[in-house]
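What follows is a short report on a single structure.
One is the number of the first residue; the rest follow in order along the sequence. The basis for the numbers below is simple: all heavy atoms, side chains too, and nothing from hydrogens, waters or symmetry mates.
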Amino acid sequence: MSHPRKSLDALIHSPVRFSLLAALRNLEDVDFRFLADLLEVSDSTLSQTLTVLADAGLVTVRKEAAGRRTRTWIGITAAGREAFARHLTTLQAIVDSGADGVTPPKSERRTTT
């Protein structure tokens, strides 16, 4: 029997990447500034995170002219939604697995008084 943690997606498990996908899963395209503020990360951190997730096909990054500036819009892909859902299922399996139904040998049990 294999522990469920072995099914965790290392790409998603990073706290910032996990938080980003969690935010995007219920939103349409989101502005870069909004997302940086929501996640409380620097522009550099968000940019690096987006590059990793975009390269993996989990998010889309779209730039659009807005007057003299360029706005960046981020969205989650279908593959990103599926990967995030699998990751959540794995986390729940880890929580559910705990030590249910397993009794350690007496030598490995500690009694509390």
Side-chain angles (χ1 to χ4, degrees):
M1 184 159 140
S2 182
H3 193 277
R5 80 173 177 286
K6 294 179 180 177
S7 297
L8 284 172
D9 188 327
L11 182 69
I12 295 174
H13 203 62
S14 151
V16 174
R17 292 190 293 252
F18 181 87
S19 298
L20 187 144
L21 291 173
L24 291 177
R25 76 182 183 137
N26 294 318
L27 299 170
E28 294 295 322
D29 286 355
V30 177
D31 177 69
F32 183 95
R33 173 62 27 227
F34 172 81
L35 200 51
D37 291 344
L38 178 69
L39 299 176
E40 299 177 355
V41 295
S42 68
D43 290 0
S44 173
T45 297
L46 181 55
S47 181
Q48 291 170 7
T49 300
L50 289 172
T51 298
V52 169
L53 293 175
D55 288 350
L58 302 182
V59 300
T60 58
V61 179
R62 180 174 48 88
K63 297 197 182 276
E64 187 177 277
R68 301 176 103 194
R69 306 189 84 180
T70 301
R71 288 184 75 180
T72 302
W73 297 93
I74 298 97
I76 191 168
T77 64
R81 280 185 209 287
E82 291 169 15
F84 190 75
R86 278 192 310 274
H87 193 77
L88 288 177
T89 299
T90 301
L91 288 172
Q92 188 61 54
I94 292 168
V95 170
D96 292 344
S97 71
D100 291 346
V102 176
T103 304
K106 281 190 176 191
S107 62
E108 296 181 28
R109 278 188 268 170
R110 185 171 168 193
T111 49
T112 58
T113 53

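Atom OG of Ser19 is separated from atom CD of Glu40 by 10.0 Å, given to the nearest 0.5 angstrom. Rounded to the nearest 0.5 angstrom, Leu46 CG and Leu50 CG are separated by 4.0 Å. Rounding to the nearest 0.5 Å gives a distance of 11.0 Å between CZ of Phe84 and CG of Leu58. With rounding to the nearest 0.5 Å, the separation of CD1 in Ile12 from CZ in Phe18 is 8.5 Å. Interatomic distance, CD of Glu82 versus CZ of Arg25, reported as 14.0 Å (0.5 Å rounding). With rounding to the nearest 0.5 angstrom, the CZ atom of Arg68 is 12.0 Å from the OG1 atom of Thr70.
Counting only heavy atoms from C-beta outward, the side chains of Ile74 and Asp31 never approach each other to under 4.5 Å. Contact annotation: the side chain of Leu35 approaches that of Leu20 to within less than 4.5 Å [non-hydrogen atoms, C-beta and beyond]. Here the side chains of Leu53 and Ile76 are not in contact, with every heavy-atom distance at 4.5 Å or above. In this structure the side chain of Val30 never reaches within 4.5 angstrom of the side chain of Trp73, judged on heavy atoms.
The nearest pair of heavy atoms linking Gly75 to Asp29 is CA-OD1, 3.5 Å. For the pair Ala10 and Arg17, the tightest heavy-atom approach, listed with the atom from each and the gap, is O-NH2, 3.7 Å.
When atom types are taken as modelled, the side chain of Thr77 and the backbone of Gly57 share a donor-acceptor pair closer than 3.5 angstrom. No side-chain donor-acceptor contact under 3.5 Å links Arg71 to the backbone of Ala65. Put simply, the side chain of Arg62 never gets that close to the backbone of Thr72: no donor and acceptor are under 3.5 Å apart. No donor-acceptor pair under 3.5 Å is formed between the side chain of Ser47 and the backbone N or O of Asp43.
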Can you give the donor-acceptor pairs under 3.5 Å from side chains of residues 87-94 to other protein atoms, not counting sequence neighbours?
from	atom 1	to	atom 2	distance (Å)
His87	ND1	Asp9	N	3.2
His87	NE2	His13	ND1	3.2
Thr89	OG1	Ala85	O	3.0
Thr90	OG1	Arg86	O	3.0
Gln92	NE2	Asp96	OD1	2.8

